[in-house]
There are 2 protein chains.
Amino acid sequence: MKFEAVTIKDIAKALGISTSTVSRALRDSHEISPETKQLVLDCAEKLNYRPNPIALSLKERRSRSIGVVVCEIANNFFSQVINGIESIAYDRGYNVIISQTRESYDREVIDLQYLASRSVDGLLISLSTETNDLNHIKSLHNKGLPIVFFDRITEEINTHKVIVDNFRGAYDATEHLLRNGHRKIGVLTNSEFLSITHERVAGYKEALIRNGIKVDENYIQHCFYGGMIFEEIEDAVNKLFTQKNKPDAIFATGDKLTTGCLKTLKRRGVKVPDDISVVGFSNTDIAELIDPPLTVVRQPAFEMGKAATELLLQLIESKRPIKDFEKRIMTPELQIRESSIRKMETVE
Amino acid sequence: MKFEAVTIKDIAKALGISTSTVSRALRDSHEISPETKQLVLDCAEKLNYRPNPIALSLKERRSRSIGVVVCEIANNFFSQVINGIESIAYDRGYNVIISQTRESYDREVIDLQYLASRSVDGLLISLSTETNDLNHIKSLHNKGLPIVFFDRITEEINTHKVIVDNFRGAYDATEHLLRNGHRKIGVLTNSEFLSITHERVAGYKEALIRNGIKVDENYIQHCFYGGMIFEEIEDAVNKLFTQKNKPDAIFATGDKLTTGCLKTLKRRGVKVPDDISVVGFSNTDIAELIDPPLTVVRQPAFEMGKAATELLLQLIESKRPIKDFEKRIMTPELQIRESSIRKMETVE
DNA sequence: TTTATTTACGCAATCGTTCCCGAAAACGAT
DNA sequence: ATCGTTTTCGGGAACGATTGCGTAAATAAA
């Protein structure tokens with residue numbers, strides 16, 4: 001049950017020198033003779049010495065680890081973001097600690113508390129649905145903990161941010177539907193607390209307005225938990241279908257929202273795209289396999305993870321406090337497939 | 001940039017008592033007067049004191065964290081397992097540190113090294129494809145670090161293991177295909193290094209044999225990286241299709257393998273299930289949305305994560321060394337959909 | 001009152017590492 | 001030979017927390 005690791009003391013004892021000398025030799029200090037240095041290095045090699053990161057963390061008050069807070073990893077977008085995060089962090093010698101909030105504010109508070117006490121050197125945060133009050137993050141930010149937001153950001157905290165051009169993604173998706181002859185476009189979207197919701201709904205509205213179509217608020221259905229609870233989506237779709245003027249297309253603004261919508265339609269026996277067209281934000285790898293192949297707004301998730309991590313490390317490793325923050329906006333890609341293309345030859 | 005946390009010393013100073021007293025008061029020791037205890041508790045509350053886990057880890061040589069090693073999290077099965085792991089660990093006060101090997105042996109070695117030096121109290125491992133030599137794990141195991149394997153296990157190390165009944169999953173899938181009139185069943189499977197490969201291929205073979213069909217080794221195609229590299233799957237499917245006797249069904253033994261196979265078929269214009277049937281191990285949430293709805297062997301991933309974690313914590317928290325290990329075998333579920341059902345009315 | 005026993009707390013070591021400071025030895029300059 | 005520098009190394013404190021041991025004061029027993 002014990003787990004005895006080789007320490008600096010063991011080397012010191014083996015060589016009959018002090019721990020200070022060993023430490024300096026390993027750290028490649030100038031105030032050490034080449035011979036002693038070599039001796040220590042050899043001995044460390046022989047004993048398979050590994051510095052104890054915990055002791056280092058305690059001493060240096062940094063852990064060479066960064067915390068990632070997302071709502072859930074079982075989501076294509078976030079798991080791809082995490083891959084991007086790791087690809088950078090790993091190379092730069094940082095460890096990544098992931099925590100999931102499952103869209104709960106309480107868990108976000110606890111997770112953040114934990115990560116902070118664990119001395120992470122910085123934080124990569126995508127807010128959870130329930131989060132409205134940001135004091136738990138502000139207090140960490142005010143204490144000087146480097147934070148970068150991605151995807152679900154907030155304007156209340158001034159720091160680096162990485163997002164996709166949500167407005168444009170939504171605009172393009174909506175316009176694509178309009179071009180294909182749809183006029184009554186329903187929206188399935190997330191909680192109103194989230195930045196992505198506002199940006200995406202705004203893009204949708206703008207596309208309508210520019211095409212001379214009046215926005216009907218009844219067509220905009222919010223799912224508070226973004227589809228984590230399936231019934232939420234069923235309800236939202238029901239509400240869309242009980243409008244006096246049933247929509248002829250649905251735009252879903254999230255991964256779970258999109259697939260949940262498709263499931264609901266399928267179970268109801270609604271044909272896509274014959275009865276209704278569907279476009280959704282999604283990073284699924286199998287959009288082409290879906291029946292019908294799904295038109296998606298795809299985010300450069302991996303790149304977003306990379307960018308956010310680079311910005312964070314820059315914050316962490318900067319000597320002097322950074323006051324000039326950047327909002328990096330990446331470009332989403334509309335991948336057009338059959339789910340949004342009205343078949344003209346289909347006649348009732 | 002500094003991040004000053006409240007320590008036990010701050011409380012001691014504020015109250016004019018020693019750190020020992022504070023520590024004991026917080027730990028609810030009996031040798032502390034009720035008044036002092038209350039004083040300390042109040043002060044701790046007021047200053048918002050949080051014990052420093054790093055200092056605790058150093059002192060107690062345990063971190064109340066467990067390490068998880070998987071090939072990748074952007075995989076339905078593994079992200080669901082991780083959810084199961086977290087659901088237990090979280091309640092029991094353990095933190096989960098996830099690392100991805102991306103199927104690389106070298107990364108597995110490094111990740112494990114890192115987790116060990118980080119003083120994780122235990123390890124949950126699913127081996128990576130490339131891993132053939134187990135010395136890096138054995139050495140940790142021999143030093144007494146609690147380890148539980150799941151999914152991709154090894155017989156070389158004696159400890160708890162959690163798997164699904166892979167033999168049965170494959171047997172059921174194959175027999176299902178046989179019952180539907182298929183006789184020439186190709187297999188897309190993982191590296192021969194992996195336990196899951198052997199178990200699943202064995203189940204497949206047994207089903208054939210029991211039905212009086214001779215096993216044709218040419219029908220069994222291994223993808224070394226389990227489909228992480230798409231071309232691998234294309235090649236394998238090609239090989240299957242250039243047999244003198246083209247298969248009339250494909251059984252894929254992994255998530256990526258299954259979706260990759262479907263993509264390849266779709267791009268080749270091969271119709272499922274008209275031209276060929278497909279069954280695969282997969283934990284995707286949208287099997288029903290695929291064209292055609294996909295017959296899958298689904299693993300109770302969440303439950304597997306829970307079970308593995310419970311076994312690990314039992315190992316970690318046991319007073320005396322455990323010598324009696326358990327292999328927990330859970331039941332996979334064959335979910336039958338259209339991809340494996342030959343349409344009888346289809347005539348050439 | 002004296003002695004024995006609790007009670008309640010402080011001191012200091014410990015975990016593994018770094019680093020400031022002091023000092024011995026070696027070297028060069030005078 | 002003497003002094004000043006430089007090189008090279010050791011001692012010990014510090015990071016935050018726990019804990020064995022020692023001990024003064026309070027209480028109980030004689």
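Below, chain A is the first sequence line, B the second, and so on; all start at residue 1.
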Indicate, yes or no, whether a donor-acceptor pair under 3.5 Å links the base of C:dT17 to the side chain of A:Lys59.
no
Please state how far atom CG in B:Asp10 lies from atom C1' in D:dC15, giving the value in whole angstrom units.
13 Å
Side chain of B:Arg27 only, heavy atoms from C-beta on: which candidate in C:dT18, D:dT19, D:dG16 is closest?
D:dT19
Between atom NZ in A:Lys37 and atom P in D:dT7, what is the gap in whole Å?
13 Å
Specify the separation, in whole Å, of atom CG of A:Leu58 and atom C1' of D:dC15.
4 Å
Which is true for B:Ser57 with a 4.0 Å heavy-atom rule: it touches a base, it touches only sugar-phosphate, or it touches nothing?
nothing
Quick note, A:Asn52 side chain, CB onward, closest among C:dT18, D:dA17, C:dG16 is C:dG16
So does B:Glu155 pair up with B:Lys327, basic N to acidic O under 4.0 Å?
yes
Can you tell me the distance, in whole Å, between the CD atom of B:Glu60 and the P atom of D:dG20?
12 Å
Using the ring of A:Tyr90 (Phe, Tyr or Trp, six-membered ring only), decide whether B:Arg107 places NZ or CZ under 6.0 Å from its centre and within 45 degrees of its axis.
yes
N or O in side chain of A:Thr36 less than 4.0 angstrom from D:dT8 OP1/OP2
no
Side chain to side chain contact (heavy atoms under 4.5 Å, CB included) between B:Val6 and B:Arg50: does it pass, once the steps are laid out?
CA-CA 7 Å; B:Val6 177; B:Arg50 306 284 153 190; over 6 Å; no
Base D:dC9 to side chain A:Glu31, donor-acceptor N/O within 3.5 Å cut-off:
yes
How long is the line joining CD1 of A:Ile11 and P of C:dT17, in whole Å?
8 Å
Along DNA chain C (nearest heavy atom to each residue), the more 5'-positioned of B:Thr19 and B:Ala55:
B:Thr19
Where the side chain of B:Pro34 is concerned, which of C:dT17, C:dA8, D:dT18 is the nearest nucleotide?
C:dA8
At under 4.0 Å between heavy atoms, what does B:Ile54 touch on the DNA or RNA strands: base, sugar-phosphate, or nothing?
nothing
Nucleotide nearest A:Ser18 (side chain, heavy atoms from C-beta), chosen from D:dA17, D:dG12, D:dG11
D:dG11
From the candidates D:dT8, D:dA17, C:dA8, the one with an atom nearest any side-chain atom of B:Tyr49 is D:dA17
Interatomic distance where CD1 belongs to B:Ile32 and P belongs to D:dG20 [whole Å]:
14 Å
Heavy-atom neighbours of B:Lys46 NZ exceed 12 at 6.0 Å:
no
Touch check for B:Ser23, heavy atoms < 4.0 angstrom, all strands: base, sugar-phosphate only, or nothing?
base
Looking at C:dC11, I'd like to know if its phosphate oxygens (OP1 or OP2) sit under 4.0 Å from a side-chain N or O belonging to B:Ser20.
no
Name the nucleic acid region contacted by A:Ser33, choosing base, sugar-phosphate or nothing; use a 4.0 angstrom heavy-atom cut-off, strictly under.
sugar-phosphate
Under 4.0 Å, counting only non-hydrogen atoms across every strand here, what does B:Arg50 touch: a base, just sugar-phosphate, or nothing?
sugar-phosphate
A:Arg24 side chain near C:dT18 phosphate (N/O to OP1/OP2, under 4.0 Å)
no
Distance below 4.0 Å between A:Lys9 side-chain N/O and C:dC15 OP1 or OP2
yes
Is B:Arg92 salt-bridged to B:Glu317, cutoff N-O under 4.0 Å?
yes
B:Asp28 CG - D:dT18 P separation (whole Å)
13 Å
How long is the straight-line distance from CG of B:Leu312 back to NE2 of B:His160, given to the nearest 0.5 Å?
8.5 Å
Check the distance between C:dA8's P and B:Gln38's CD and give it to me in whole angstrom.
15 Å
Closest to the B:Arg61 side chain, choosing from D:dT19, C:dC15, C:dT18
C:dC15
